[in-house]
Amino acid sequence: MDYFFRKTIRLIFLTVLLFSFYGCNKARKAKAESSVSFAGLDFTETVPVSFAGQFTIKKTAGYSVINISGEKPVLVVEKDFPLPSGVPADYVVLVKPLLKTYLVSSSAFDFFAKLNILDKVKFSGSKKENMFLPEVRQYMEDGKITYAGKYSAPDFETLYAEGTDISIQNTMIFHKPEIKEKLEQLKIPVIVEKSSYEKNPLGRIEWIKLYGLLYDKEKEAEDFFNARQAEFNSLNKSAGSRNTIAFFYFTSSGSVNVRKPGDYITTAIAMAGGTYFMDAAADNESVLSTMNMLPEDFYVKAKDADILIYNSTIEGMIEDRELLLQKFPLLKDFKGFKNGRLYCTDKKLFQETTGSVGFMQDLVSVMNHKEENLHYLIKIK
């Protein structure tokens, strides 16, 4: 009896001691947190951004503020630094390290792959059969990244139970604001990836700096971007230039979908030394980077284009010119078709976000009638 009594007393004592220790630690933490005021932080250091126009980063010791165009500002708190008091209510707060990411934006996966931080992605908003980057697909097949529902129907229960510490969405979330609100109610911070809004292809690549900051890979991100910029500077953009290029696909409704002048694809064409087949007076009323044309209008504008590039992202790659003629018989009258300068995009083009310079290299190659070693364009025979 005395044995059980002594054991019970000892258990009570240890429990009280544990709670006292926890309470003291919590008090010390609260004191530490209150010792840093957000208003007192002086964000004087700026991360250099040369081409991207959709984000900026300012820093001070232990803290950073990311401003993404049109979005709530993001406060990033470094590991072992206290959460400041007085953080404005409209700020998104991210406390590092970020170890369990719900990555909905498929175009952002490439940044994680290039920085070797795919292990920080716990959940995906895309199924593995819709991912074309081999490193990402392998992670999914190995069960290291789990599908947790698309942007409009996430598995809230799983995301919450697993302690998801950030959700990176694409701009489709704007169509479902209630989903974003629900994630935030579950204390899962949300940021919206807008690299696709960049007009300059190098600006898209420069988003790697934002991910470098979030996942402690800033030097690697800077080195990667500088290497891509050097590759661009080394392109021979004058040889065989001034070819007119049409970039398009045929929709199921019978119209022709084309890129608007000024988006990053058409800018890549210009930066590679080519000329896009549409002028700048095209429809600019919406923020979308594409527009639909009537077949007869497309015929008039693209008939004399030197090079035809079929965007195979929607339907998959088409490597037989006869299949295109079935969709649009008048294509046989086009200069690029008759001269055999007809290509389709590789399925990984839009997911390999950092491949913009490689795409421009392909454009330079085909404008110079060099079709070997292409990475993002495939000859249609």
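Just so it is clear, the values below take in all heavy atoms, side chains as well, and ignore hydrogens, waters and symmetry mates.
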Original post:
Charged N to carboxylate O below 4.0 Å: is that the case for Glu184 and Lys180?
Top reply: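 Looking at Glu184 and Lys180, the cut-off is met.
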Subject >> Under-4.0 Å salt bridge between Lys301 and Asp297 >> reply: no
With rounding to the nearest 0.5 angstrom, report the [atom1] to [atom2] distance, [X] to [Y].
{"X": "Lys176", "Y": "Lys150", "atom1": "NZ", "atom2": "NZ", "result": "8.5 Å"}
{"X": "Lys194", "Y": "Ser107", "atom1": "NZ", "atom2": "OG", "result": "13.5 Å"}
{"X": "Ser106", "Y": "Lys127", "atom1": "OG", "atom2": "NZ", "result": "14.5 Å"}
{"X": "Ile269", "Y": "Asp263", "atom1": "CD1", "atom2": "CG", "result": "8.5 Å"}
{"X": "Leu331", "Y": "Lys338", "atom1": "CG", "atom2": "NZ", "result": "11.0 Å"}
{"X": "Ile57", "Y": "Glu218", "atom1": "CD1", "atom2": "CD", "result": "7.5 Å"}

Look only at the side chain of [X] and the backbone of [Y], and say whether a donor-acceptor pair between them is shorter than 3.5 Å.
{"X": "Arg228", "Y": "Val357", "result": "no"}
{"X": "Ser85", "Y": "Val36", "result": "yes"}
{"X": "Thr60", "Y": "Asp42", "result": "yes"}
{"X": "Thr101", "Y": "Lys120", "result": "yes"}
{"X": "Asn292", "Y": "Ser255", "result": "no"}
{"X": "Thr164", "Y": "Tyr160", "result": "no"}
{"X": "Asp110", "Y": "Thr353", "result": "yes"}
{"X": "Asn368", "Y": "Lys370", "result": "no"}
{"X": "Lys335", "Y": "Arg341", "result": "no"}
{"X": "Gln351", "Y": "Asn130", "result": "yes"}

Donor-acceptor pairs under 3.5 angstrom involving side-chain atoms of residues 203-210: please list them, not counting sequence neighbours.
from	atom 1	to	atom 2	distance (Å)
Arg204	NE	Ser195	O	3.4
Arg204	NH1	Tyr264	OH	3.2
Glu206	OE1	Ser50	N	3.2
Glu206	OE1	Phe51	N	2.6
Glu206	OE1	Ala52	N	2.9
Glu206	OE2	Ser50	N	2.7
Glu206	OE2	Lys209	NZ	2.9
Trp207	NE1	Glu198	OE2	2.9
Lys209	NZ	Pro48	O	2.8

Report yes if some heavy atom in the side chain of [X] is under 4.5 Å from a heavy atom in the side chain of [Y]; otherwise report no.
{"X": "Leu183", "Y": "Phe156", "value": "yes"}
{"X": "Asp119", "Y": "Lys144", "value": "no"}
{"X": "Tyr63", "Y": "Pro84", "value": "yes"}
{"X": "Ile66", "Y": "Val76", "value": "yes"}
{"X": "Tyr147", "Y": "Asp155", "value": "no"}
{"X": "Tyr139", "Y": "Met131", "value": "no"}
{"X": "Leu213", "Y": "Val47", "value": "no"}
{"X": "Thr354", "Y": "Phe111", "value": "yes"}

Smallest separation among heavy atoms of [X] and [Y], with atom names:
{"X": "Tyr102", "Y": "Pro154", "result": "OH-CB, 3.4 Å"}
{"X": "Gly212", "Y": "Ala221", "result": "CA-CB, 4.0 Å"}
{"X": "Pro97", "Y": "Asp165", "result": "O-OD2, 3.9 Å"}
{"X": "Thr267", "Y": "Lys199", "result": "OG1-O, 3.1 Å"}
{"X": "Thr313", "Y": "Thr345", "result": "N-OG1, 4.2 Å"}
{"X": "Met360", "Y": "Pro201", "result": "CE-CB, 4.0 Å"}

**OP:** Using only heavy-atom distances, determine whether the side chains of Ser124 and Ser126 contain a donor-acceptor pair under 3.5 Å.
**Re:**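 Side-chain D/A pair, Ser124 to Ser126: absent.
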When you measure from the centre of the six-membered ring of [Y], is the NZ or CZ of [X] closer than 6.0 Å and no more than 45° off the axis?
{"X": "Lys332", "Y": "Phe337", "answer": "no"}
{"X": "Lys100", "Y": "Phe123", "answer": "no"}
{"X": "Lys379", "Y": "Tyr343", "answer": "yes"}

For the ring pair [X] and [Y], is the centre-to-centre distance below 6.0 Å?
{"X": "Phe334", "Y": "Phe298", "result": "yes"}
{"X": "Phe250", "Y": "Tyr310", "result": "yes"}
{"X": "Phe248", "Y": "Phe277", "result": "no"}

Same apolar cluster: [X] and [Y], side chain cutoff 4.5 Å:
{"X": "Leu235", "Y": "Met367", "value": "no"}
{"X": "Phe359", "Y": "Phe225", "value": "no"}
{"X": "Ile307", "Y": "Val300", "value": "no"}
{"X": "Leu98", "Y": "Val95", "value": "no"}
{"X": "Val121", "Y": "Ile117", "value": "yes"}

Original post:
side chain to side chain contact (heavy atoms under 4.5 Å, CB included) between Asp223 and Glu220: does it pass, once the steps are laid out?
Top reply: CA-CA 5 Å; Asp223 290 346; Glu220 292 86 344; 5.8 Å; no
Subject >> Step-by-step side chain to side chain contact (heavy atoms under 4.5 Å, CB included) determination, Gln54 to Glu71 >> reply: CA-CA 10 Å; Gln54 293 294 319; Glu71 299 299 304; over 6 Å; no
Original post:
Quick one: which of Asp362, Leu342, Leu363 gives a side-chain contact (heavy atoms from CB on, under 4.5 Å) with Ile309?
Top reply: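 Of all the options given, the one that passes is Leu363.
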Original post:
Counting heavy atoms not belonging to Glu178, are there more than 12 under 6.0 Å from its CD?
Top reply: yes
**OP:** Mark yes when over 12 heavy atoms from residues, nucleotides or ligands other than Asp90 sit less than 6.0 Å from its CG; otherwise mark no.
**Re:** yes
**OP:** Dump the intermediate steps for side chain to side chain donor-acceptor pair (under 3.5 Å) on Thr244 and Thr275, then the final yes or no.
**Re:** CA-CA 5 Å; Thr244 301; Thr275 301; 5.1 Å; no
**OP:** Name all residues meeting the side-chain contact (heavy atoms from CB on, under 4.5 Å) criterion together with Asn170; count only those two or more places apart in sequence or in a different chain, and write none if there are none.
**Re:**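 Only Val104, Ser105, Met172 meet the side-chain contact (heavy atoms from CB on, under 4.5 Å) criterion with Asn170.
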Original post:
Parallel, tilted or perpendicular: which describes the rings of Tyr211 and Tyr215, with under 30° parallel and over 60° perpendicular?
Top reply: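 Tyr211 and Tyr215: parallel rings.
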**OP:** Go through the steps for Lys327 and Ile318 under the test side chain to side chain contact (heavy atoms under 4.5 Å, CB included), then give the verdict.
**Re:** CA-CA 11 Å; Lys327 295 176 177 291; Ile318 295 179; 3.7 Å; yes
